[in-house]
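Letters A, B, ... mirror the listed sequences (proteins, then strands); counts begin at 1.
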2 protein chains.
Amino acid sequence: MQFSSRLPIAVHILLAIVEFDGKEKTTSTFLAGSVNVNPVIIRNTLGQLKAAGLVTVKAGEGGSSLAKAPKDITLIDVFDAVEKEEALFHFHENPNPECPVGKNVHAVLDNKLFAIQDAMREKMKSITLQDLIDDMNKILVQ
Amino acid sequence: MQFSSRLPIAVHILLAIVEFDGKEKTTSTFLAGSVNVNPVIIRNTLGQLKAAGLVTVKAGEGGSSLAKAPKDITLIDVFDAVEKEEALFHFHENPNPECPVGKNVHAVLDNKLFAIQDAMREKMKSITLQDLIDDMNKILVQ
DNA sequence: TTTGTTGTAATTAATTTGGTTACAACTGCA
DNA sequence: TGCAGTTGTAACCAAATTAATTACAACAAA
């Protein structure tokens with residue numbers, strides 16, 4: 001089981017928007033060339049990022065920009081923008097209520113599974129787009 | 001995106017093996033009745049748990065038991081037993097190496113994604129089967 | 001030898017992902 | 001106004017994954 005490549009692609013897009021700000025018009029076709037996926041994937045992802053208030057997109061004219069400072073965009077913002085909102089683990093639907101285990105497995109396990117999901121989300125919350133930009137700039141000047 | 005129900009089902013199975021120890025023969029059919037899935041799912045899952053050294057299964061005779069103390073089985077043991085070993089995030093395959101962003105997005109993002117995965121795994125490591133048994137017993141005596 | 005069980009392969013349906021084509025709507029410019 | 005480039009979105013397709021299910025050989029105990 002894996003998360004889709006949506007978060008990595010969305011982060012790639014955001015990094016490219018920052019990197020090429022003022023240098024290139026970041027159209028879906030241009031971004032598709034950097035990410036190396038179909039432009040429609042870029043347009044759909046940009047649409048999700050726009051709906052989440054992370055970017056603005058110039059319809060007709062073309063190009064996109066950040067709607068917030070990179071330090072105010074965390075990976076959880078990006079994750080929630082592009083991934084469906086749902087529990088991390090799919091619980092089996094119908095444990096037998098006649099069985100002492102089946103009757104209580106939800107009560108016992110749900111909060112543990114939620115804690116696991118929350119640990120992941122907290123880590124994502126601690127990483128900002130600015131962190132990634134700083135890391136990239138360190139590499140670029142080398 | 002979700003994990004499959006394999007971890008919840010595996011935990012359910014382990015809890016049932018403990019709960020019915022000495023009371024019922026925990027065959028795949030019996031366990032299937034508690035989890036409410038097809039017995040083949042139980043047999044496959046038990047096979048994975050057995051391969052990971054968490055349970056023993058009596059071929060022919062029927063029934064299964066824990067191979068380790070509940071305090072020595074953590075959710076990460078169960079998770080690794082039943083989920084394929086792979087990176088949590090699927091990275092898009094071919095970022096453009098001619099692009100300063102495409103060339104470096106892996107170097108920038110990989111360790112962050114790994115840190116997120118690791119946060120999740122560390123939380124799973126901190127939860128033992130014994131914790132779940134204790135919680136279940138608290139409910140059962142009420 | 002009979003019965004019940006495990007282990008495993010094969011098949012199926014449903015869902016998700018990513019790729020792709022197509023095209024209407026929109027913007028800026030000549 | 002009309003053209004060129006772009007966004008937004010729908011539709012379709014192939015591949016992969018999940019879970020359910022049937023089937024059956026191998027095995028153990030009575």
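For A:Asn96 (side chain) and A:Gly102 (main-chain N/O), no donor-acceptor pair under 3.5 Å exists by modelled atom type. Side chain of B:Ser64 to main chain of B:Thr26: a donor-acceptor pair is present (N/O by atom type, distance under 3.5 Å, no hydrogens or angles). Looking at B:Ser5, its side chain never comes within 3.5 Å of a backbone N or O of B:Pro8 through a donor-acceptor pair. Under the 3.5 Å distance criterion, the side-chain polar atoms of B:Asp77 are left unmatched by any main-chain donor or acceptor of B:Ile73. In this structure, A:Asn36 contributes its side chain and B:Asn94 its backbone to a donor-acceptor pair below 3.5 Å. Using a distance-only test at 3.5 Å, with no hydrogens or angles considered, a donor-acceptor pair links the side chain of B:Lys25 to the main chain of B:Glu61.
For the segment residues 48-58 of chain B, the set of residues with a heavy atom within less than 4.0 Å of an atom of DNA chain C comprises B:Lys50, B:Val57, B:Lys58, in numerical order. Of the residues in residues 18-27 of chain A, none lies under 4.0 Å from DNA chain C by heavy-atom distance.
Between A:Phe30 and A:Phe20, the ring-plane angle classifies as perpendicular under the 30° and 60° cut-offs.
By the salt bridge (Lys or Arg N to Asp or Glu O under 4.0 Å) test, A:Asp135 pairs with A:Lys138, B:Lys112, sequence neighbours left out. Residues satisfying the salt bridge (Lys or Arg N to Asp or Glu O under 4.0 Å) criterion with A:Asp80, sequence neighbours excluded, are A:Arg121.
For A:Ser28 and D:dT7, the shortest distance from a side-chain N or O to OP1 or OP2 is below 4.0 Å.
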Strictly under 4.0 angstrom, non-hydrogen atoms only: write out the protein contact profile of nucleotides 25-30 of chain D, one letter per nucleotide from the 5' end, B, S or -. --BSS-
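Proximity of the aromatic rings of B:Phe114 and B:Phe89 is defined here by a centroid distance below 6.0 angstrom, and this criterion is not met.
C:dG7 atom P lies 13 Å from atom CD1 of B:Ile42, rounded to whole Å.
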Do any N or O atoms of the protein come closer than 3.5 Å to N or O atoms of nucleotides 19-23 of chain D, and which pairs are they?
from	atom 1	to	atom 2	distance (Å)
D:dA19	OP1	B:Ser5	N	2.9
D:dA19	OP1	B:Ser5	OG	2.7

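With hydrophobic clusters built from ILVMFWY side chains whose heavy atoms lie under 4.5 angstrom apart, B:Val40 does not share a cluster with B:Leu46. Linking ILVMFWY residues whenever their side-chain heavy atoms come closer than 4.5 Å, directly or via other members, places B:Leu66 and B:Leu54 in the same cluster.
The shortest distance between side-chain heavy atoms of A:Lys50 and A:Thr56 does not fall below 4.5 Å.
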